[in-house]
Amino acid sequence: MALSLHNTISRKVEPFIPFDPTGKKVGMYCCGPTVHDFAHIGNFRTFVFADLVRRYLEFRGYQVNHVMNITDVEDKIIRRVREQSTTLAQYTTKYSNAFFEDLKTLNCVAPHHIPKATDYIPEMIDLISRLMERGIAYQAPDQSIYFSIEKYQGCGCQYGQLVKLDFEEMRQGDRVSEDEYEKECVADFALWKARVPDDGEVYWPSPWGEGRPGWHIECSAMSMKLLGTSFDLHLGGEDLAFPHHEDEIAQSEGANLQEEGKPFVKYWLHGAHLLVEGKKMSKSLGNFFTLRDLTDQDYNGREIRQLMISAHYRETFNFTLDGLAGARTALNRINECATKLREAAGNTQANPATEVVEKFTTALDDNLNVSSAWAAVFDWVRDCNRKLVDNSMDPETAASELAAWEHIDTVLGVGVDQEEAPAELIELMEERTKARKAKDFSRADAIREELTSKGWTIEDTAEGPRLKRL
Ligand code: AMP
Ligand code: ZN
């Protein structure tokens, strides 16, 4: 079987066939955070989902080029820069660094490229210029540049590919009040926002005057620059499908940079939202959590990650503290089993056992069916434990089962890392080796006991002795 994924654009689960003629290389873009504050656990559900997709593609042998942007200029950020009398760079660096730390806590693999919007202003200006040349964009009286849906449709392009739109409802042709009051039609969106006094020092020069880019153009410019004008996968939370992703399609295809017949993006994947205790997260309801709020309560990143990937990405997920306690129990079961397998395997090495890996792969091939994938893992834990209890597992089998888990965990990313022993204990271990060589066995035994009392044991490996957690 091959991998199939649900494509928002076709509303179907489709076989995954990348553009690359060799079928190996995959370009993948996930909209990253807007760094106006610490990201919340809802945001992280989406980023952990992207990490799962990337890891699974690699597990299936694809060579992934994973891009995730950082939106480091937008209304909220500008407001806070002004309120705190700081600079844009200073303000956003703090929150993007926090975001990278949080990604590490959740054991997400770093994307290959993490472009910051403010580093790609020339590319955004080029793209807007192209849309101006094609007559799809226009400058409004306030000097801002807007994308004209009507002109885009006039070129034979379709607006409303990801979502079905009711243009009557959107009152095409009406003028709107509020923020973008100068645009011609309500559905039009800003590509370039002319500088206003409240922007302070946050502005760039452009052929249309000083200003800053709109949010949608950022992702079109950065994704096409780093992955080419047509690429395989674009991900984000479900709220981004409209208008953000629809507008990305309009801008990117409106610029007409793709080869004949090729779309901007082949597969659109959207992750459903996370609720907390059954409700949309909100500060006033007291159910709003950043990752740090949870790690401060002594939950670790792997437990939070396990809970986030325990449900299918297209299902709304109800995050609860009880669920986190369940994740802890589930991971303890797996870790205990892996520890026993390690003991039974000793120094024996083996290829991964195939049965559990095949079940796991079949499950995830089916549009990332994590529930069946976890079921395969827990059935395997039960089987292994049974064989380990009655001592019917030989070192070869144990090594092979352990290798299977390690292979599977390259996707799940929840296994415990082999912990590094503190330097003073490593020194003690080396002293013991010397004592044994000098035939001072009582000293050697005393050291072993001291290490045991500190929770460590000495394991002989091909590279020599090393310390392992008991
Ligand atoms: P933002 O920083 O607001 O641009 O959001 C970053 C990502 O988090 C986007 O892909 C959003 O779709 C996603 N997101 C926002 N809220 C939630 C939520 N409650 N559950 C899952 N994903 C979310
Ligand atoms: Zn985006």
Side-chain angles (χ1 to χ4, degrees), residues 8 28-53 66-77 80 92 95-96 98-100 102-103 106 108 111 113-117 120 123-124 127 162-163 189 191 213-227 231 233-252 264-265 268-283 285 287-291 304-305 307-320:
T8 311
M28 162 173 155
Y29 186 92
C30 178
C31 294
T34 305
V35 283
H36 58 78
D37 210 331
F38 294 107
H40 59 62
I41 56 168
N43 301 135
F44 282 114
R45 181 187 191 198
T46 296
F47 301 125
V48 169
F49 153 58
D51 181 65
L52 184 79
V53 172
H66 177 192
V67 180
M68 181 186 62
N69 72 294
I70 299 284
T71 297
D72 61 347
V73 54
E74 98 18 294
D75 295 352
K76 242 186 251 168
I77 296 178
R80 296 204 181 163
T92 56
Y95 291 109
S96 36
F99 175 72
F100 298 138
D102 288 354
L103 274 190
L106 289 167
C108 290
H113 301 275
I114 310 181
K116 284 193 302 186
Y120 287 77
E123 284 78 3
M124 295 169 202
L127 194 55
L162 287 171
V163 287
F189 55 90
L191 297 168
W215 173 37
H216 313 308
I217 199 76
E218 298 179 359
C219 284
S220 283
M222 291 185 278
S223 63
M224 290 200 288
K225 169 82 179 183
L226 293 164
L227 295 171
F231 57 93
L233 281 164
H234 197 313
L235 282 72
E238 60 186 351
D239 58 313
L240 297 194
F242 186 82
H244 184 53
H245 291 161
E246 195 67 53
D247 291 349
E248 273 190 50
I249 298 176
Q251 298 159 148
S252 309
F264 163 52
V265 168
W268 287 91
L269 267 59
H270 289 105
H273 268 197
L274 173 148
L275 303 177
V276 174
E277 308 284 349
K279 299 209 173 67
K280 196 171 167 197
M281 251 187 293
S282 93
K283 290 196 172 146
L285 286 177
N287 67 346
F288 184 96
F289 292 113
T290 63
L291 188 68
I304 300 165
R305 178 182 173 95
L307 185 56
M308 284 180 176
I309 57 172
S310 62
H312 195 273
Y313 74 94
R314 297 198 64 228
E315 280 165 18
T316 301
F317 181 63
N318 189 21
F319 192 96
T320 64

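Ligands are counted one by one from 1 in listed order, and the atoms in each one are counted from 1 as well. Just the heavy atoms: all of them, side chains too, but no hydrogens, waters or symmetry mates, feed the values below.
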For Thr34, is at least one N or O under 3.5 Å away from an N or O on ligand 1? yes

Heavy-atom contacts with Leu274 under 4.0 Å: which atoms of ligand 1 show up? List them by number with element. 18 (C), 19 (N), 20 (N), 21 (C)

Taking the side chain as every heavy atom from C-beta outward, state whether Pro33 and Ile70 have any pair of such atoms under 4.5 Å apart. yes

According to salt bridge (Lys or Arg N to Asp or Glu O under 4.0 Å), who are the partners of Glu246, at least two apart in sequence or on a separate chain? none

Would a distance-only check, ignoring hydrogens and angles, find a side-chain to backbone donor-acceptor pair under 3.5 Å from Thr8 to Trp268? yes

Looking at ligand 1, does any of its N/O atoms fall within less than 3.5 Å of an N/O of Asn43? yes

Looking at side-chain heavy atoms only, is the closest gap between Phe319 and Arg45 below 4.5 Å? no

Could you pull out all residues at least two apart from Phe38 that satisfy ring-ring contact (aromatic ring centres under 6.0 Å, His included)? Tyr95

Under 3.5 Å, is there a donor-acceptor pair between the Asn69 and Tyr29 side chains? yes

Considering the heavy atoms of Gly237, write down every atom of ligand 1 situated less than 4.0 Å from one of them. 10 (O), 12 (O)

Note: Asp37-Arg80 ion pair, threshold 4.0 Å (strictly below): yes

Is there at least one pair of N or O atoms, one from Cys31 and one from ligand 1, spaced under 3.5 Å apart? no

May I ask you to identify the nearest protein heavy atom to atom 22 (N) of ligand 1, giving residue, atom name and distance to one decimal place in Å? Thr46 OG1, 2.7 Å

A side-chain contact here means heavy atoms from C-beta on lying under 4.5 Å apart; do Glu218 and Val73 qualify? yes

With the side chain counted from C-beta on, respond yes when Leu240 and Cys31 share a heavy-atom pair under 4.5 Å apart, and no when they do not. yes

Closest to atom 9 (C) of ligand 1 among protein heavy atoms sits Leu240 CD1, 3.7 Å

Check: Glu123 side chain, Met222 main-chain N or O, donor-acceptor pair, under 3.5 Å: no

Can you check whether Gly42 has an N/O within less than 3.5 Å of an N/O in ligand 1? yes

Report yes if the distance between the aromatic ring centroids of His216 and His245 is under 6.0 Å, otherwise no. no

For distances below 2.8 Å, what is the count of protein N, O or S atoms around the Zn ion (ligand 2)? 3

In terms of atom number and element, which parts of ligand 1 are under 4.0 angstrom from non-hydrogen atoms of Pro33? 2 (O)

Rounded to the nearest 0.5 Å, how far does NE2 of His36 lie from OG1 of Thr92? 12.5 Å

Would His36 count as a contact residue for ligand 1, given that I'm defining contact as a non-hydrogen atom of the residue lying under 4.0 Å from a ligand atom? no

Do me a favour and list the nearest non-hydrogen protein atom to atom 17 (C) of ligand 1 with residue, atom name and distance? His273 NE2, 3.4 Å

Atoms of ligand 1 under 4.0 Å from any heavy atom of Asp239, numbered from 1 in the order shown, are 11 (C), 12 (O)

Contacts of Phe289 that satisfy ring-ring contact (aromatic ring centres under 6.0 Å, His included) - sequence neighbours left out: none

Nearest to atom 16 (N) of ligand 1, what protein heavy atom do you find, and at what distance? His40 CE1, 3.5 Å

Is there a polar contact between ligand 1 and Arg45, counting only N or O atoms under 3.5 Å apart? no

May I ask you to list the atoms of ligand 1 that are less than 4.0 angstrom from any heavy atom of Phe47? 6 (C), 7 (C)

